[in-house]
Chemist: 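This is the structure I have questions about; it appears just below.
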Amino acid sequence: MVERLAWRALIPVFLCALLSALMFYRTQGVISLVPLLAAIALMTINRLRKVEAIVGVYIFVGLIFILDDTNYNPWGSVDTITKTLGYGLYQSFFSVTASELLAFSIAVWTFLNTNIETKKVWLRYGLIFGLVITFLYPILFWEAFFISNVFDDKASTLKFHLAQIRMHHILPLWFFIGFSNISNWKRFDTVMKIMAWTTVVKSIQGVFNYIFHIDVFGHPENEYLIEHYYSMFAAMTICYFIMKAISDKNKISTITAALVLPPVFASFALNDRRTAVLGSVLAIIMIIASKPLSWFLKHKTHFVVAATAFVLFTGATWNASGPLAVVSSTLKSLIIKPEGTIKLDYRDLENANILREVANNPYLGMGSGAEVENKFGMPDISHIYPKYLVLPHNIYLAYWAIGGPLNMAMFTSLFVFMVALSIKTQSSSYVYKNRSGAIALFFFVQWIAYTIADLGIIHQRNVIIGGLFLGALMRNYYQDQIRGDYG
């Protein structure tokens with residue numbers, strides 16, 4: 001039995017060795033050794049110290065935040081060591097990334113080294129239900145692809161279909177990893193702590209890069225500092241350190257927050273993503289709305305101070321530009337249309353094209369693997385984004401057009417379940433549980449905002465954290481319910 005388990009433990013090493021060989025065949029670079037070395041390191045730790053697979057989860061979470069996803073042009077034209085190393089983790093080689101293979105290795109490692117009694121416990125806590133809801137919408141995309149090729153005359157290709165579902169499969173994979181490994185609220189808090197501290201490191205890197213490359217990042221045409229999706233994790237990090245300082249009620253946590261938050265705030269502002277600001281505001285509103293009246297009365301002074309500070313800061317930066325105006329510019333974009341402008345912008349035209357497809361295919365959708373017809377004269381941006389008609393920015397509406405109301409209902413239900421579970425969890429009086437729910441809510445609401453505004457559902461790091469958080473939340477919440485722990 002022991003020998004059989006030992007051989008099973010070598011499976012992830014073999015898979016990572018295969019990926020390293022494929023990467024070396026393509027690149028002949030030293031970076032191709034990363035998957036193999038990572039797997040050997042994890043297996044060695046497991047062999048020598050008999051630690052659980054959760055260690056692999058902790059290491060992986062640290063890696064995905066430190067290294068840059070090169071698919072989304074991080075840092076623009078500026079080269080960094082994290083960008084170079086990120087190529088080995090995030091870039092596809094023979095249609096698979098090192099991050100996917102490492103995730104699969106952790107999942108296999110977890111499953112093969114877990115006894116049957118623990119697996120029965122997983123079933124009691126809702127593993128099957130979670131896998132079904134995370135697997136169902138990728139399956140519906142294959143149904144949409146079948147429909148488009150059998151019943152529809154719209155040109156549909158397997159290449160475009162695979163682009164539209166590229167990262168869907170890792171959501172159930174990471175759901176399983178989170179569900180099976182993050183078995184208590186302290187482990188969940190450890191995951192968030194790793195995320196927060198690596199984001200602090202990333203923020204400091206961002207501040208220094210801005211200072212040393214101000215000619216690039218300070219240029220009016222520059223779109224962001226780090227990448228589009230950094231801002232959502234910066235917002236979560238701000239929330240984490242503030243909540244920790246409040247709940248711990250000691251000088252160390254307060255001083256730590258005071259030291260680490262300035263670079264995070266600075267990079268958040270310099271990254272200038274209004275979607276993250278909007279998502280954060282919505283998450284705060286949801287948290288506040290879920291509290292009882294007694295909580296409002298207890299914290300009424302804090303509300304007055306926070307509201308006054310918000311109004312004063314927004315008013316002071318209303319006519320400003322640049323990073324300091326990230327809040328006021330977000331607010332202005334929602335309520336004010338520039339005077340004398342009757343021309344629709346790019347996003348308006350994009351949404352109009354998508355909604356036209358919805359109207360033309362109200363029951364089954366237009367099918368997966370097809371382009372959205374550019375009927376309303378949307379500018380051609382194929383020189384900077386070749387898939388702009390295959391994967392529109394508003395991926396939420398696009399999935400409705402592709403799969404029809406059934407796909408839309410499943411996709412919406414998944415997000416509603418994530419948000420509802422987070423709200424229930426953050427209402428707990430237990431510190432780790434409350435903080436886990438609040439941070440998860442910050443993530444899920446911003447993920448929805450980015451899915452509506454900026455392709456958020458297909459970004460690797462977003463899907464990884466989405467699956468991990470959903471799995472951990474669901475496992476621990478229902479575990480508490482079954483045990484009768486309602487705190």
Side-chain angles (χ1 to χ4, degrees), residues 133-168 171 228 275 278-279 282 333-334 337 342-382 385-419 444-459 462-463 466:
I133 63 172
T134 51
F135 260 121
L136 195 53
Y137 86 88
I139 291 172
L140 288 175
F141 262 80
W142 282 102
E143 170 261 340
F145 180 66
F146 172 77
I147 287 173
S148 64
N149 280 278
V150 176
F151 299 107
D152 201 342
D153 59 356
K154 184 180 281 290
S156 179
T157 68
L158 181 62
K159 178 182 176 181
F160 287 166
H161 167 70
L162 293 176
Q164 289 170 341
I165 67 164
R166 176 65 185 93
M167 285 297 153
H168 289 187
L171 183 65
H228 287 281
T275 305
L278 181 59
L282 290 175
S333 69
L334 293 173
K337 199 76 173 177
I342 57 173
K343 186 178 179 181
L344 296 174
D345 63 19
Y346 177 88
R347 296 302 178 90
D348 293 328
L349 295 170
E350 181 182 67
N351 290 337
N353 283 325
I354 298 171
L355 288 172
R356 178 178 174 274
E357 297 287 4
V358 172
N360 288 343
N361 307 275
Y363 304 115
L364 297 177
M366 71 182 202
S368 177
E371 293 184 334
V372 173
E373 187 177 354
N374 189 6
K375 193 73 174 179
F376 292 97
M378 190 168 59
D380 186 342
I381 59 168
S382 57
Y385 181 38
K387 298 174 183 174
Y388 77 109
L389 293 176
V390 178
L391 286 166
H393 290 83
N394 190 339
I395 206 78
Y396 187 74
L397 273 185
Y399 281 4
W400 186 7
I402 289 168
L406 181 61
N407 203 14
M408 183 66 161
M410 182 60 226
F411 196 50
T412 304
S413 298
L414 181 61
F415 274 131
V416 169
F417 180 73
M418 290 175 175
V419 171
F444 289 136
V445 174
Q446 289 190 95
W447 196 19
I448 294 169
Y450 269 96
T451 298
I452 293 171
D454 219 350
L455 300 164
I457 195 65
I458 63 170
H459 185 265
N462 295 354
V463 183

Chemist: Do Gln446 and Leu282 make a side-chain contact, defined as non-hydrogen atoms from C-beta onward lying under 4.5 Å apart?
Modeler: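 No - every pair of side-chain heavy atoms lies 4.5 Å or more apart.
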
Chemist: Report the distance from atom CE of Met378 to atom CG of Leu389, rounding to the nearest 0.5 Å.
Modeler: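 So the gap between those two atoms works out to 5.0 Å.
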
Chemist: Side chains of Ile457 and Tyr396: closer than 4.5 Å at any heavy-atom pair?
Modeler: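 They are not in side-chain contact.
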
Chemist: What are the two closest heavy atoms between Glu350 and Asn394, and how far apart are they?
Modeler: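 Reported closest heavy-atom pair: OE1-N, 3.5 Å.
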
Chemist: Measure the NZ-CD1 distance between Lys387 and Ile458 for me, rounded to the nearest 0.5 Å.
Modeler: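 That separation rounds to 7.5 Å.
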
Chemist: Please answer whether the main-chain N or O of Phe376 pairs with a side-chain N or O of Asn353 as donor and acceptor at a distance below 3.5 Å.
Modeler: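 Yes.
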
Chemist: Would you mind reporting whether Leu397 and Val358 have side-chain heavy atoms less than 4.5 Å apart?
Modeler: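 Answer no - side chains too far apart.
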
Chemist: Are Trp447 and Phe415 an aromatic pair by the rule of ring centers under 6.0 Å?
Modeler: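 Ring centroids of Trp447 and Phe415 are less than 6.0 Å from each other.
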
Chemist: Who passes salt bridge (charged side-chain N to carboxylate O under 4.0 Å, His left out) against Arg347, sequence neighbours left out?
Modeler: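 Partners of Arg347 by the salt bridge (charged side-chain N to carboxylate O under 4.0 Å, His left out) criterion come out as none, since no residue qualifies.
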
Chemist: With Phe135, which residues qualify under ring pair (Phe, Tyr, Trp, His ring centres under 6.0 Å), at least two apart?
Modeler: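 So Phe135 forms no ring pair (Phe, Tyr, Trp, His ring centres under 6.0 Å) with any residue.
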
Chemist: Between Ala409 and Ser413, what is the shortest heavy-atom contact and its length?
Modeler: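 Nearest heavy atoms, Ala409 then Ser413: O-OG, 2.6 Å.
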
Chemist: What heavy-atom pair brings Leu349 and Pro379 nearest, and what distance separates the two atoms?
Modeler: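 Smallest interatomic distance, heavy atoms only, reads CD1-CD, 4.0 Å.
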
Chemist: Which atom pair, heavy atoms only, marks the closest approach of Arg356 to Lys375?
Modeler: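 That closest heavy-atom pairing would be NE-CG, 3.5 Å.
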
Chemist: Under a 4.5 Å cut-off applied to non-hydrogen side-chain atoms, are Tyr388 and His393 in contact?
Modeler: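 Side chain of Tyr388 against side chain of His393, heavy atoms only: no contact under 4.5 Å found.
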
Chemist: Carefully, step by step, assess Leu391 and Tyr385 under the rule side chain to side chain contact (heavy atoms under 4.5 Å, CB included).
Modeler: CA-CA 10 Å; Leu391 286 166; Tyr385 181 38; 3.2 Å; yes

Chemist: Is Asp454 close to His459 at the side-chain level, that is, under 4.5 Å between some pair of heavy atoms?
Modeler: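 The answer is no, as the side chains (C-beta and beyond) never meet within the 4.5 Å cut-off.
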
Chemist: Roughly how far, to the nearest 0.5 Å, is CD1 of Ile448 from CG of Leu278?
Modeler: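 Separation between the atoms: 11.5 Å.
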
Chemist: Might you point out which heavy atoms bring Ala401 and Glu357 nearest each other, and give the distance in Å?
Modeler: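 Nearest heavy atoms, Ala401 then Glu357: CB-CB, 3.9 Å.
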
Chemist: Could you state the interatomic distance from CG (Asn360) to CG (Leu355), rounded to the nearest 0.5 Å?
Modeler: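 If I round to the nearest 0.5 Å, the distance is 11.0 Å.
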
Chemist: Does some side-chain heavy atom of Leu406 sit less than 4.5 Å from a side-chain heavy atom of Met410?
Modeler: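 No; the side chains remain at least 4.5 Å from each other.
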
Chemist: At their closest point, which heavy atom of Val372 faces which heavy atom of Pro392, and how far apart are they?
Modeler: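 Result for this residue pair: CG2-CG, 4.0 Å.
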
Chemist: I want to check something: taking the side chain as every heavy atom from C-beta on, are Thr451 and Phe411 in contact at a cut-off of under 4.5 Å?
Modeler: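 They are in contact (side-chain heavy atoms under 4.5 Å apart), so the answer is yes.
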
Chemist: When rounded to the nearest 0.5 angstrom, what distance separates CG in Leu171 from CG in Asn462?
Modeler: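 It is 11.0 Å, given to the nearest 0.5 Å.
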
